[in-house]
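Since we're looking at a predicted model, the values are computed, not measured. Atoms considered below: every heavy atom in the structure, side chains included; atoms not considered: hydrogens, waters and symmetry mates. The residues of the chain are indexed from 1 along the displayed sequence.
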Amino acid sequence: MAETAAALRTVAHNVRAARVRAGLSLDELSRRAQVSKGALVGLEKAQGNPNLATLVRLADTLGISVSALMQGPAEGRVRVVADDAVAPLWTGERGGEARLMLTTSGPAPVEIWRWKLEPGEEYPSHPHQAGVVETVSVTSGRMVLVVDGAEHAVEAGQTATFDGDTRHVYRGAGTGTCTLIMTVHLPPGPAPTG
């Protein structure tokens, strides 16, 4: 429980800091991200329980990665993250889950996700900001990737990539659990001013 409270405080601090850096009021961020003002106020006070879709909309609107909203200060040159050290950001109704393992630093960060999808379980994703590219590498089982309404079967040992600025769905397929590594390649942010 203490870890959850600490994580929520980190998200609250990071959302507020990113909003202030962007020069956005709560009203404007609410309108642009399509998140209620009440939810934003609660989030900035470290109250509530934001879901993955809310965090994605806020990150996209603020022009940062989801993990930039969730990470504390850098811990050094090498960072090793164990699967069980990261809480799932999405949990499916049949036991599937998505964990944001880490995000690389630099001008064009990459998020590394671990997903587990049970047969028939799906996660629909809203379009991301322009320039986002997603890659899914299935390590076991089968999934169906739906991009712009077109279905693409992706099996163990296969990798698919697509522009993430359109509606897309990840769906478990076949008879067993599908595990995959997903990367989200974010477009370069604004160049630092010096």
Distance in Å, Arg31 CZ paired with Leu40 CG, rounded so as to fall on 0.5 Å steps = 13.0 Å
Between His126 and Ala53, the two heavy atoms sitting closest are CD2-CB, 4.4 Å
Are Val110 and Val133 co-members of a hydrophobic cluster defined by side-chain heavy atoms under 4.5 Å apart?
-> no
Indicate if Tyr123 and Val144 have the same hydrophobic cluster label, given that clusters are the connected sets of ILVMFWY residues with side-chain heavy-atom separations under 4.5 angstrom.
-> no
Looking at CH2 of Trp90 and CD of Glu121, how far apart are the two atoms once the value is rounded to the nearest 0.5 Å?
-> 4.0 Å
Close side-chain approach of Lys37 and Asp27, heavy atoms under 4.5 Å | yes
Spatial distance of atom NZ (Lys45) from atom CZ (Arg16) [nearest 0.5 Å] = 11.5 Å
Any side-chain heavy atom of Leu24 sitting closer than 4.5 Å to one from Arg32?
-> yes
Does Ser30 use its side chain to pair, donor to acceptor, with the backbone of Val35 at less than 3.5 Å?
-> yes
Are the side chain of Arg142 and the backbone N or O of Ala173 linked by a donor-acceptor pair below 3.5 Å?
-> no
To the nearest 0.5 Å, what is the distance between NE2 (His152) and CD (Gln158)?
-> 12.5 Å
Here the gap from Trp115 atom CH2 to Glu97 atom CD, rounded to the nearest 0.5 Å, amounts to 10.5 Å
Between Val154 and Leu180, is any pair of side-chain heavy atoms under 4.5 Å apart?
-> no
Closest non-hydrogen contact found for Glu44 with Arg19 is OE2-NE, 2.6 Å
Would you name the heavy atoms of Gly176 and Pro119 that are closest together and state the gap between them?
-> O-CG, 3.5 Å
Is there a chain of hydrophobic side chains (I, L, V, M, F, W, Y, each step under 4.5 Å between heavy atoms) that links Val136 to Val169?
-> no
For Thr166 and Asp163 the tightest heavy-atom approach is CG2-O, 3.7 Å
For Ala22 and Leu62 the tightest heavy-atom approach is CB-CD2, 4.3 Å
Any side-chain heavy atom of Thr161 sitting closer than 4.5 Å to one from Glu134?
-> no
Go through the steps to decide whether Ile181 and Arg114 satisfy the test side chain to side chain contact (heavy atoms under 4.5 Å, CB included), and finish with yes or no.
-> CA-CA 5 Å; Ile181 303 296; Arg114 287 184 189 240; 3.7 Å; yes
Do you reckon Val147 sits in the same ILVMFWY cluster as Val132, going by side-chain contacts under 4.5 Å, direct or chained?
-> yes
Can you tell if the side chain of Asp60 reaches within under 4.5 Å of the side chain of His128, non-hydrogen atoms only?
-> yes
Contact summary for Val15 and Leu43, nearest pair of heavy atoms | CG2-CD2, 3.9 Å
Less than 4.5 Å apart, any side-chain heavy atom of Asp148 and any of Phe162?
-> no
side-chain hydrogen bond (donor to acceptor under 3.5 Å, both in side chains), paired with Ser137, selected from Thr159, Thr179, Thr183 = Thr159
Starting at CG of Leu58, measure out to CG of Leu29 and round the result to the nearest 0.5 Å.
-> 5.5 Å
Is there a donor-acceptor pair under 3.5 Å between the side chain of Glu28 and the backbone N or O of Ser25?
-> no
Taking side chain as C-beta onward, heavy atoms only, is Glu111 less than 4.5 Å from Leu186?
-> yes
Name the orientation class of the two ring planes belonging to His168 and Tyr170 (parallel below 30°, tilted from 30 to 60°, perpendicular beyond 60°).
-> perpendicular
